[in-house]
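See below for the structure under consideration.
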Amino acid sequence: LGVNYKDVGRLDEAIPLLEQAHQAVGTYPQLIFATQQLIDTYVKNGEPQKAERLVPDFLEFVRNRLPKPDVARDLAWVADKYILKLGAFADAEKLLRESLTIKEKLIPDDWTTFHVRSTLGEALLGQGKHREAEEMLIAGFEGLAGRQETIPPIAEQCFTASIERLVKLYETWQLEEPDAGYGIQAEQWRQKLEQHKQNLQNK
């Protein structure tokens, strides 16, 4: 019920229910998803300090008690939905590299592995590591582009985000090195983004 309230934007009603479920995780470990949802709800409600208090225990639980595929999924989720939003790019990079290492070993060809690569590119870009970011962002985009049919509709934004990150990369480079020609690449990726959005509208 708390998750449903969160999903329709009734955050004040969602939080007490999710807090109750979170408090029961010690007795019912399967309720750890409620902690994850509570973190997300606090962030959406403009209470990042409350989310921050939950993250260490959530990560400890994930690493120690979940199967490896779920560890990789939840590490990437925390980095994408919380750490990156705080602008803590180095911290996000660590979590995303940990996630990617697991995914490359267990499911190297899965679309989610390429999504993590793209998200890692965002963390690198935020630290000014443009060359490393470019490598990850291109690999992430190409991997997702080749697996679009396997991406569920609910996760379509992951592919869109992979293009948006490349636009941001080359726009940033263009501002820093205006004579290097990155503006052309930025425009090319903007066109790809517009075409992708048009394709979505035509579905």
Side-chain angles (χ1 to χ4, degrees), residues 40 43-44 46 48 51-52 55 72-203:
D40 191 34
V43 172
K44 285 182 168 62
E52 183 178 9
V55 168
R73 177 199 64 205
D74 289 348
L75 291 177
W77 181 88
V78 169
D80 188 14
K81 301 299 184 182
Y82 175 65
I83 307 295
L84 281 175
K85 285 181 170 56
L86 294 180
F89 298 109
D91 291 338
E93 179 187 352
K94 292 176 184 177
L95 292 179
L96 290 163
R97 287 195 184 279
E98 185 179 349
S99 173
L100 185 58
T101 296
I102 297 170
K103 284 182 172 290
E104 286 179 332
K105 182 177 180 180
L106 299 180
I107 47 172
D109 295 322
D110 192 78
W111 73 267
T112 62
T113 302
F114 294 95
H115 170 56
V116 173
R117 282 198 181 98
S118 177
T119 310
L120 176 55
E122 181 177 350
L124 293 166
L125 176 58
Q127 298 174 76
K129 300 176 181 179
H130 298 90
R131 291 295 175 193
E132 292 179 75
E134 182 182 39
E135 179 181 352
M136 286 294 174
L137 291 172
I138 292 292
F141 165 77
E142 291 179 346
L144 290 168
R147 294 162 178 80
Q148 276 188 272
E149 292 184 357
T150 69
I151 301 174
I154 195 172
E156 174 57 45
Q157 175 58 27
C158 294
F159 182 60
T160 305
S162 74
I163 308 175
E164 292 172 338
R165 291 174 180 132
L166 280 158
V167 172
K168 183 177 180 180
L169 169 69
Y170 290 114
E171 286 180 342
T172 301
W173 247 340
Q174 173 63 17
L175 290 173
E176 295 177 359
E177 303 178 48
D179 298 325
Y182 293 117
I184 296 174
Q185 289 165 288
E187 180 57 29
Q188 290 173 341
W189 285 104
R190 280 193 292 268
Q191 291 176 8
K192 285 181 185 291
L193 180 60
E194 289 305 314
Q195 183 60 57
H196 171 64
K197 290 181 177 180
Q198 187 62 49
N199 292 341
L200 290 178
Q201 291 178 358
N202 294 336
K203 280 186 176 181

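One-based numbering along the sequence shown.
Taken from OG1 in Thr112 to CD1 in Ile107, the straight-line distance is 4.0 Å, to the nearest 0.5 Å.
Residues Leu86 and Asp91 have side chains not in contact (no heavy-atom distance under 4.5 Å, counting atoms from C-beta outward). Taking the side chain as every heavy atom from C-beta outward, Arg165 and Leu169 never approach each other to under 4.5 Å.
Side chains of Thr172 and His130: a donor-acceptor N/O pair is absent below 3.5 angstrom, by distance only.
Looking at every heavy atom in both residues, His115 comes nearest to Leu144 through N-CD2, 4.0 Å. Here the closest heavy-atom approach between residue Leu96 and residue Ala76 is recorded as CD2-CA, 4.0 Å. Nearest heavy atoms, Ile83 versus Ala92: CG2-N, 3.5 Å. Scanning all heavy atoms of the two residues, the minimum distance from Arg190 to Gly183 falls at NH2-O, 4.3 Å. Residue Lys103 comes nearest to Thr113 through the heavy atom pair CB-OG1, 3.4 Å, listed as atom of the first residue, atom of the second, then distance.
Ion pairing between a basic and an acidic side chain is recognised when a charged N comes within 4.0 Å of a carboxylate O; Arg117 and Glu104 show such pairing. Taking 4.0 Å as the cut-off between side-chain N and carboxylate O, Lys168 and Glu122 do not count as a salt-bridged pair.
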TODO: May I have the step-by-step check of side-chain hydrogen bond (donor to acceptor under 3.5 Å, both in side chains) for Tyr170 and Glu134, ending in yes or no?
DONE: CA-CA 9 Å; Tyr170 290 114; Glu134 182 182 39; 2.5 Å; yes
